[in-house]
> 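Questions regarding the structure given below will be posed in turn.
All values reported here derive from a predicted model rather than from experimental measurement. Remember, it's 1-based here, ligands and their atoms both numbered in the order they're listed. Each residue takes its place number in the sequence, starting with 1.
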Amino acid sequence: MSDAMPLSSDSIPVGDVRDRLIIGLDVPSPDEARAIVKRIGDAGTFYKIGYQLAYAGGFEIARELIAEGKKVFMDLKLHDIGNTVEEGVRSVAKLGATFLTVHAYPQTMSAAVAGKAGSNLKILAVTVLTSYSDQDLVEAGYAPVSTDELVAKRAGQARDLGIDGIVCAATEAAKVRAIVGPNLAIVTPGIRPAGSSADDQKRIVTPGDAIRAGASHLVVARPIVKAADPRAAAQAIVKEMAAALA
Ligand code: C5P
């Protein structure tokens, strides 16, 4: 059904609504990751591995998930000199991952696009970290620029350099969608089903509203991983996404 959706693209894997829900494996050990994946079963098809698990055996988990037919998002937020980024991306492509994040600096994005050539890996650009304020940018040495302006500028550069998608807050999704057009993925964290705890997220959006704002994929961790019944939690979110897509 999602094949007919305006946000789907031949290059982005969204053939099944479950493939639009990326479950964040924000756990400290491979055994905890295996246990949660087992509990979720076929309700989860796409998992995100970030710093915490990546540096604690996460590549082994990525290989296991891919061997089981699951999709894997390596949230490694790469940024280095071009040659190093290109070779690192090539290694992640060989692993068989579906998504990989890089910071949205033009050199880094160009190198990542070169490194994934010939593979099925899709590169997502992180424009400006959502923990940064305008003042944080000044502290980091940028000439006065608002985070909004920098997000817009970097989203346009990502589109022009052949990046496959953007990671942004759901509250920014509509603006980013207008810049990048219909074919790039827009991947949004900060998702909370109505009635669930916000945890430390400041600007939360429900799964349905994120899809309606233009997100193609949602990243959800604690509302699933910490739920009493993670499988039921994932199923409820997929149901809400499917309703928003219908
Ligand atoms: O538990 P929760 O659903 O809030 O987790 C969201 C996931 O998305 C975490 O892995 C977090 O690191 C990631 N993320 C985020 N906000 C961003 C970028 C990534 O919450 N701006």
> So is D26 close enough to ligand 1, meaning a heavy atom under 4.0 angstrom away?
yes
> Should R18 and T45 be marked as a side-chain hydrogen bond (donor to acceptor under 3.5 Å, both in side chains) after you check the CA-CA gap, both sets of side-chain angles, and the distance that decides it?
CA-CA 6 Å; R18 289 177 304 171; T45 61; 5.2 Å; no
> Walk me through whether T101 and D75 qualify under side-chain hydrogen bond (donor to acceptor under 3.5 Å, both in side chains).
CA-CA 5 Å; T101 39; D75 190 9; 2.7 Å; yes
> Please work out whether any backbone atom (N, CA, C, O) or any side-chain heavy atom from C-beta onward of P223 is under 4.0 Å from ligand 1, and answer side chain, backbone, both or neither.
side chain
> My understanding is that only one of L124, L25, I23 makes a side chain to side chain contact (heavy atoms under 4.5 Å, CB included) with F73; could you say which?
L124
> Give me the residue, atom name and distance of the protein heavy atom closest to atom 21 (N) of ligand 1.
T130 OG1, 2.6 Å
> Atom 18 (C) of ligand 1: which protein heavy atom is closest, and how many Å away?
P189 CG, 3.7 Å
> Is it true that K38 and E68 make a salt bridge, defined as a side-chain N closer than 4.0 Å to a carboxylate O?
no
> What verdict does the side-chain hydrogen bond (donor to acceptor under 3.5 Å, both in side chains) test give for T108 and H79, after you've listed the backbone C-alpha separation in whole Å, the side-chain angles of each residue and the deciding distance to 0.1 Å?
CA-CA 6 Å; T108 293; H79 184 45; 2.7 Å; yes
> Under 4.0 Å, heavy-atom basis, I'd like to know which part of A221 is in contact with ligand 1: side chain, backbone, both or neither.
both
> CD of Q107: more than 12 outside heavy atoms within 6.0 angstrom?
no
> May I ask you to list the atoms of ligand 1 that are less than 4.0 angstrom from any heavy atom of R222?
1 (O), 2 (P), 3 (O), 4 (O)
> Looking at ligand 1, is there an atom of it that comes within less than 4.0 Å of some heavy atom belonging to R192?
yes
> Considering only heavy atoms from C-beta outward, does the side chain of K175 approach that of D148 to under 4.5 Å?
yes
> For atom 20 (O) of ligand 1, what is the closest protein heavy atom, and at what distance to 0.1 Å?
Q201 NE2, 2.8 Å
> Considering non-hydrogen atoms of the protein only, which is the closest contact for atom 11 (C) of ligand 1, and what is the distance?
K48 NZ, 4.3 Å
> So which heavy atom in the protein is nearest atom 7 (C) of ligand 1, and how far is it from that ligand atom?
V219 CG1, 3.8 Å
